[in-house]
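A short worksheet on the structure shown next.
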Number of protein chains: 2
Amino acid sequence: MSNTELSATIAKSIRDAIVEGRLAVDDRLPSESELAEQFEVGRSTVREALKRLAAQSLIRTERGAFGGAFVQRLSYADAQAQHVTTSTLLLSMNEVSFVTACQARFALERACVDLACAHRQAADLADMRAEITRQSQPDLSDEGFCASDVRLHRALVDSAQNPVLSYQLAGAVEAMQPLMNMITFSDRSRSEITRYHTMMVDAVEARQPPKVVRALECLEIYTLELGRGKILARKQTPAR
Amino acid sequence: MSNTELSATIAKSIRDAIVEGRLAVDDRLPSESELAEQFEVGRSTVREALKRLAAQSLIRTERGAFGGAFVQRLSYADAQAQHVTTSTLLLSMNEVSFVTACQARFALERACVDLACAHRQAADLADMRAEITRQSQPDLSDEGFCASDVRLHRALVDSAQNPVLSYQLAGAVEAMQPLMNMITFSDRSRSEITRYHTMMVDAVEARQPPKVVRALECLEIYTLELGRGKILARKQTPAR
DNA sequence: GACATTTAAATGTCAGACAATTAGAAATGT
DNA sequence: ACATTTCTAATTGTCTGACATTTAAATGTC
């Protein structure tokens, strides 16, 4: 306790006030000088605390007269961005096997199948079909293929029309992209994947959850197969 | 672009270096003074940037000679803590209906059923049964009941033996707790919930995924029913 | 060789200054 | 009366220099 830095303590104090609702969205915090007085610290210490909160999208700051720090409404987009960053780093900095990550990813994705079949709109289907078309272009780079893959799965998740679910799943799916980028896709594997994608979207359109699940399972098995040969020598501690 | 603060730019620059692997785990960053020179800014600006990174658990700082800022390995625990905070705030600061949140939560939880049945250990079952026993104590407070509920579901998720899945799901489940805490549990509803919990654990022990799913569905329906009457007047913007 | 002391490097904190930004008030012009 | 410009005050952003604190390593002492 004695070792804790003041700026961390102050950040925690303010964060608690926000989490517990004592500070509501768009409320203005006291100015930096006032906070410095209240907490009996220097202004720079307060500023470090505020930067910590800003890094978590808990506050935003505005300059000028009547500016200051305001409690920020955490948007789905911000929350998802943070989730993606965290998940990506977690995967890249720990010895996570390709199998474990893949298993988790597809298990999670299956979570949206029932709702997707129930609530999918024409626009969702169009989005997904558009990505499948893009994936069939022969001049698409590997990165482009992976990016399109992510967008397709993202569209599947969104078709459940549940923003909370989208936030959770899209984060998980996007975090897998760097791992997928390690795989080079031959013409053959591309067409195989696209075939499963088509199966999947057809089943969503037909509102047949078990068929969607089956397509996803095919994809999972095939992805694992593609990843198997791949050297899983991860790069997180390259030398020494 | 012209409006971006220097400390944010510097933080982004270092964050990119970490994400792209140019800085590996436990690498030491240059000292604050050296960074200040390199980026041609004052030391306080560098410090604000470092605090932003520290808030995301991307670095840790050590004091004293040969101290400094080190790239930190993001642990599952840290990642999950961040996920819980983010998810909780997302739910508390946006107009998310109880139904939407509940739907997402149970859809996600179903994602671990197959793996849980396949890989559950005796210890997992023991953990879950222990929580059920605790929930049957009549002198347990509502908060205690909810906390035990979270631990039970957490144990279910962990029994899949997939840390990536645990991280994702545990975050989602824990984030729902504040919403659940709004419900007061009568003796009758407690015993009803405990009954479903027992069904669920029995099915996991018997390795019968469909039965687990059915128990979870019962729980979801019953939870929704309990939440329905509840005033869903959310507190995020109490008075204007 | 074991223990105590000193030293140097680094972060943590503070105070004071100034620049940049911005909304609103005041002044000015028509 | 209204529009435009200028001024003003509040606030964040940045820099500088100072000092306190912490810590590992170097040095000294027995």
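As the structure is a prediction and not an experimental result, all values here were calculated from the model. The figures here come from the full heavy-atom set of this structure, side chains too, leaving out hydrogens, waters and symmetry mates. Numbered from 1 within each chain, the chains take letters A, B, ... in sequence-line order.
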Write down the distance between [atom1] ([X]) and [atom2] ([N]), rounded to a whole number of angstrom.
X      : N       : atom1 : atom2 : value
R60(A) : dT12(D) : CZ    : C1'   : 14 Å
F70(A) : dA23(C) : CZ    : P     : 11 Å
E37(A) : dA15(C) : CD    : C1'   : 14 Å
R47(A) : dA15(C) : CZ    : P     : 16 Å
L53(B) : dT11(C) : CG    : P     : 14 Å

Pairing residues for Q38(A) by the side chain to side chain donor-acceptor pair (under 3.5 Å) criterion, not counting sequence neighbours |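 Here no residue qualifies.
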For E40(A), all residues meeting side chain to side chain donor-acceptor pair (under 3.5 Å), sequence neighbours excluded =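 Once residues adjacent in sequence are excluded, E40(A) has no partner under the side chain to side chain donor-acceptor pair (under 3.5 Å) criterion.
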Any sub-3.5 Å donor-acceptor pair from Q121(B)'s side-chain atoms to H119(B)'s backbone N or O?
->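 The answer is yes, because a donor-acceptor pair under 3.5 Å joins these two groups.
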Polar atoms only, N or O, under 3.5 Å: list the protein pairs with nucleotides 15-17 of chain D and their distances.
from    : atom 1 : to     : atom 2 : distance (Å)
dC15(D) : OP2    : G42(B) : N      : 2.6
dC15(D) : OP2    : T45(B) : OG1    : 2.6

So, are [X] and [Y] salt-bridged, with charged N and O less than 4.0 Å apart?
X       : Y       : result
R60(B)  : D26(B)  : yes
E131(B) : R154(B) : no
K51(A)  : E48(A)  : no

Atom pairs, N/O to N/O, protein against nucleotides 6-11 of chain D, distance under 3.5 Å?
from    : atom 1 : to     : atom 2 : distance (Å)
dA10(D) : N3     : A65(A) : N      : 3.2
dT11(D) : OP1    : R28(A) : NH2    : 3.3
dT11(D) : O4'    : G64(A) : O      : 3.4

Partner nucleotide, any strand, of dC30(D) [Watson-Crick/G-U, under 3.5 Å] |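 The base-pairing partner of dC30(D), which may sit in any strand shown, is dG1(C).
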Could you list the residues that satisfy salt bridge (Lys or Arg N to Asp or Glu O under 4.0 Å) with R105(B), not counting sequence neighbours?
->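 Counting only residues at least two positions away or on another chain, R105(B) forms a salt bridge (Lys or Arg N to Asp or Glu O under 4.0 Å) with E109(B).
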Which pairs pass salt bridge (charged side-chain N to carboxylate O under 4.0 Å, His left out) with one or both residues in residues 75-86 of chain A, sequence neighbours excluded?
->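 Pairs touching residues 75-86 of chain A that pass the test: none.
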